[in-house]
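Each chain gets a letter, A, B and so on, in the order the sequences are listed, and its residues count up from 1. These numbers come from the heavy atoms of this one structure, side chains and all, not from hydrogens, waters or symmetry mates.
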Number of protein chains: 2
Amino acid sequence: MTRQEARHTQRIPLNRDRVLRAAVALADATGIDALSMRRLAQELDVVPMALYKHVANKEELLDGMADAVVGEIDPPAAGPDWQRVVRGRILSARRVLLRHPWAARVIESRTGPTPAVLAYLDSMAGSFRDGGLSADLTHHVMHAMGSRLLGFSQELFDTSGPSGPPDPGLAARYPHIAELAATAAHDGGSTVGGGCDDQFEFEFALDLLLDGFESLRRQGWTSARKA
Amino acid sequence: MTRQEARHTQRIPLNRDRVLRAAVALADATGIDALSMRRLAQELDVVPMALYKHVANKEELLDGMADAVVGEIDPPAAGPDWQRVVRGRILSARRVLLRHPWAARVIESRTGPTPAVLAYLDSMAGSFRDGGLSADLTHHVMHAMGSRLLGFSQELFDTSGPSGPPDPGLAARYPHIAELAATAAHDGGSTVGGGCDDQFEFEFALDLLLDGFESLRRQGWTSARKA
DNA sequence: CACCATAGGTGTACGGCGTACACTCGTCAA
DNA sequence: TTGACGAGTGTACGCCGTACACCTATGGTG
């Protein structure tokens with residue numbers, strides 16, 4: 001077998017899809033900060049510049065990765081109860097985001113919305129409208145949800161991790177936070193170590209918002225502002 | 001005047017505070033992406049490595065910048081109505097964040113909470129507790145607020161910018177979004193161009209959440225979960 | 001068949017980044 | 001006088017994204 005034949009048989013040609021797949025896998029495995037064009041090329045057994053035949057630049061690569069992730073979200077389930085429909089889909093989005101922890105930051109960093117995100121938001125707006133919310137209310141509701149629509153928990157800092165024993169000095173400086181941490185500590189649930197039950201917190205906020213929206217819908221809320 | 005005297009008189013010695021101040025100013029002026037150690041050093045008329053006598057590395061510089069910004073938030077006003085107190089402080093935080101548009105991303109990207117952020121959160125937790133919310137409820141409420149506590153609007157994409165005339169093809173592909181954009185377009189308010197009234201949207205979501213919290217407080221809500 | 005345009009992969013190179021490390025030099029205590 | 005020390009310097013290394021010129025196999029056209 002000549003070298004050319006060997007190369008011929010073993011090497012499937014690159015294409016945009018394979019590049020994006022590999023990028024997502026690499027980000028999953030090593031984190032978004034470790035994702036460089038050079039590293040990705042190496043993973044694909046190719047010289048870095050080869051990637052540029054399939055994506056214009058790194059920004060476009062990130063766009064494609066964001067779209068790939070958003071495309072993993074389940075389609076909306078049918079049903080008469082709009083809160084259930086929306087809730088279910090958002091929790092699906094959250095599961096996707098948990099599979100790809102880097103994705104939240106990437107999606108947020110896109111300057112404009114990518115097609116898949118637009119499609120998702122459009123479909124989500126449709127769910128609200130189908131549920132009987134006015135266009136006016138739906139608009140503000142979508143804003144109020146913000147990135148929570150895509151399952152971001154948008155915590156201020158990462159509550160996971162080792163966390164270890166609480167710093168005693170910290171309790172003195174930040175008494176209220178210490179008190180909160182104490183209440184969180186002595187209930188079991190899905191939180192084994194020290195942290196909070198992120199899933200509970202997410203659903204708590206989500207349901208609070210959805211209930212608020214439904215209440216506004218029932219009372220025929222309309223934005224009072226006009227020129 | 002000798003060269004030494006000239007140097008002596010014109011050059012105030014660097015210190016951590018001056019470095020942080022300059023970094024914030026530079027980020028305000030040119031954006032966070034344009035902030036590099038080299039560029040910052042140049043701004044301070046100093047060689048890049050000089051900065052490392054005052055900050056350990058770039059991450060610590062960003063930590064310091066985050067703390068500086070959070071430190072600009074007004075202290076809590078006193079008052080019997082906890083919703084007013086919290087609301088006022090969050091709107092102050094939002095004003096600060098609008099002055100430093102890069103700050104949201106920087107704060108979010110910190111791996112652990114910085115001291116100023118901790119102090120802010122602690123004080124905020126205190127406001128909830130003073131308002132009569134239980135430690136339990138306060139805990140979940142803080143999570144539900146998430147980064148909104150610091151005034152992040154956490155929109156999915158930037159609604160500012162030129163935006164221009166709406167793409168007609170876009171309306172066909174995303175009919176619900178087009179409908180929402182239409183409702184947003186034909187009301188005046190503080191939105192002159194095409195975009196939404198971000199301040200209205202922010203306060204809408206904020207008040208919805210605060211009202212929800214107060215409602216839970218009144219009905220003596222407690223998290224039902226236990227081991 | 002000969003030809004050549006084209007698409008995909010290569011190699012080299014540039015400018016920018018964060019920062020390690022060894023240095024100089026002015027100040028000040030002993 | 002000396003010697004430690006803190007602040008600023010200079011050089012260098014290994015990353016990064018990517019412009020640009022190049023090679024080469026492929027496939028349509030005369």
Query raised in the report: Centres of the B/Phe202 and A/His143 rings: under 6.0 Å?
Result: no
**Report entry** A/Arg110 with A/Asp63: basic N within carboxylate O range, under 4.0 Å
**Finding:** yes
Query - For atom CE of B/Met37 and atom P of D/dG8, their distance in whole Å - result: 13 Å
Query raised in the report: Rounded to whole angstrom units, what separation is found between the CG atom of A/Leu61 and the P atom of D/dC16?
Result: 14 Å
Query raised in the report: Does the side chain of A/His54 pick up a donor-acceptor pair with the side chain of A/Asn15 at under 3.5 Å?
Result: no
Give the table of side-chain donor-acceptor pairs shorter than 3.5 Å for residues 32-42 of chain B, with sequence neighbours excluded, one pair per line with atom names and distance.
residue	atom	partner	partner atom	Å
B/Asp33	OD1	B/Arg105	NH2	3.4
B/Ser36	OG	B/Arg39	N	3.0
B/Arg39	NH1	B/Glu43	OE1	2.6

Query raised in the report: Please give, in whole Å, the distance from C/dG8 P to A/Arg18 CZ?
Result: 13 Å
Report task. Return the value, rounded to whole Å, for the distance between atom CG of B/Leu35 and atom C1' of C/dG16. Result -> 14 Å
Report task. Output the residues of residues 47-60 of chain A in contact with DNA chain C, where contact means a heavy atom of the residue under 4.0 Å from an atom of the strand; sort by number or write none. Result -> A/Val47, A/Met49, A/Ala50, A/Lys53, A/His54
Query raised in the report: Which class fits the ring pair B/Phe213 and B/Phe128: parallel under 30°, tilted 30 to 60°, perpendicular over 60°?
Result: perpendicular
Report summary line: Walking DNA chain D from its 5' end, the first of B/Asn15 and A/Arg39 to be reached, judged by nearest nucleotide, is B/Asn15
Requested in this report: Please say which of A/Leu149, A/Leu91, A/Val86 ends up in a side-chain contact (heavy atoms from CB on, under 4.5 Å) with A/Leu206.
Outcome: A/Leu91
Report task. To the nearest Å, give me how far apart CD (A/Gln42) and P (D/dC16) are. Result -> 9 Å
Query raised in the report: For B/Leu62 and C/dG18, what is the distance between atoms CG and P respectively, to the nearest whole Å?
Result: 10 Å
Report summary line: Testing D/dG8, C/dG9, D/dA12 for proximity to the side chain of B/Arg38, the answer is D/dA12
